[in-house]
Amino acid sequence: MKSEPSCYSIDDLARDGVEPWDGVRNYQARNLMRDDMQVGDIAFFYHSNAKEIGIVGLMTIASAAYPDPTQFDKQEDHYDPKSTKENPRWLLVDVKFKQKFTDIIPLAVLKNDPAFADMALTQKGMRLSVQPVKEKHYKKIMKMVGQS
DNA sequence: GCCAACGTTGGC
DNA sequence: GCCAACGTTGGC
């Protein structure tokens, strides 16, 4: 799951503990949260659009998907006038801080490693903010950070 | 700051 | 339903 650290970083999550992952306004990403996530699942926290781009830590999914309240709030950047409370368009999940890696796993490292050639994150033009992660990629990354 | 890639919008 | 125009994402 991607976030721009200038907006919300792993350190922010470490401080907050649990946080609603709001602002997702892409149907594919929404569907992944709705259909493919379960409470207790582990997710990577990815920093995009930053000085250091890459995977910075782990979190756990702490809720099922539910309507993102920011879509109803005119003051919010992610306000969606076409969404209604009766039929909300956008969902979010709560995420819980699990761990910050000692060192970031840079995107460039993943792109240069053939083991990650079939990872969604390393595909050209990939901008999906919520992506599925294969078990083998998860395991490899945990090895890289010294946990296996 | 640039720009390629992608998603969405809206006219027809 | 097509597709050009536009807006956004996000690496570099």
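Order of the sequence lines fixes the chain letters, A, B, ..., with proteins taken first and strands second; residue numbering starts at 1 for each chain. All values below were derived from every heavy atom in this structure, side-chain atoms included, with hydrogens, water molecules and symmetry-related copies excluded. Keep in mind that what you see is a predicted model, and the values were worked out from it rather than measured.
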Checklist line | Bounds of contact between DNA chain B and chain A, in 5' to 3' order, using a heavy-atom cut-off under 4.0 Å | finding: B:dA5 to B:dT9
Next item on the list: Identify the two heavy atoms, one from A:Pro132 and one from A:Ala120, that lie closest to each other, and give their separation to 0.1 Å.
Entry: O-CB, 4.4 Å
Margin query: If I compare all heavy atoms of A:Ile61 with all of A:Ser63, which pair ends up nearest, and what's the gap?
Written below: CG2-O, 3.4 Å
Checklist line | Any residue of residues 87-94 of chain A with a heavy atom less than 4.0 Å from an atom of DNA chain B | finding: none
Note to self: Reading DNA chain B from 5' onward, which residue's closest nucleotide shows up sooner: A:Arg25 or A:Asn49?
What the structure shows: A:Asn49
Check: Do you know which two heavy atoms are closest between A:Ala65 and A:Met33, and how far apart they sit?
Finding: CB-O, 3.9 Å
Notebook entry, point to check: Between the main-chain N or O of A:Trp90 and the side-chain N or O of A:Gln71, is there a donor-acceptor pair closer than 3.5 Å?
Noted result: yes
Notebook entry, point to check: Can a salt bridge be assigned to the pair A:Asp80 and A:Arg25 using a cut-off of 4.0 Å between side-chain N and carboxylate O?
Noted result: no
Note to self: Quick one: does any side-chain atom of A:Lys2 pair with a main-chain N or O of A:Leu128 as donor and acceptor, under 3.5 Å?
What the structure shows: yes
Next item on the list: Please list, chain by chain and in numerical order, all residues satisfying ring-ring contact (aromatic ring centres under 6.0 Å, His included) with A:Tyr66, sequence neighbours excluded.
Entry: none
Note to self: Which residues end up grouped with A:Leu110 if you chain together Ile, Leu, Val, Met, Phe, Trp and Tyr wherever their side-chain heavy atoms are less than 4.5 Å apart?
What the structure shows: A:Ile42, A:Phe44, A:Tyr46, A:Ile53, A:Ile55, A:Leu58, A:Phe101, A:Ile105, A:Leu107, A:Val109, A:Phe116, A:Met119, A:Leu121, A:Val133, A:Tyr138, A:Ile141, A:Met142, A:Met144, A:Val145
Note to self: Suppose we screen for ring-ring contact (aromatic ring centres under 6.0 Å, His included). Which residues come up paired with A:Tyr8, at least two apart in sequence or across chains?
What the structure shows: none
Note to self: Around atom CD of A:Glu52, are there more than 12 heavy atoms from other residues, nucleotides or ligands closer than 6.0 Å?
What the structure shows: no
Notebook entry, point to check: Taking for each residue the nucleotide of DNA chain B with the nearest heavy atom, is it A:Lys82 or A:Lys124 whose nucleotide lies nearer the 5' end?
Noted result: A:Lys124
Item checked: Neighbours of DNA chain C within residues 107-119 of chain A, by heavy-atom distance under 4.0 Å -> A:Leu107, A:Lys111
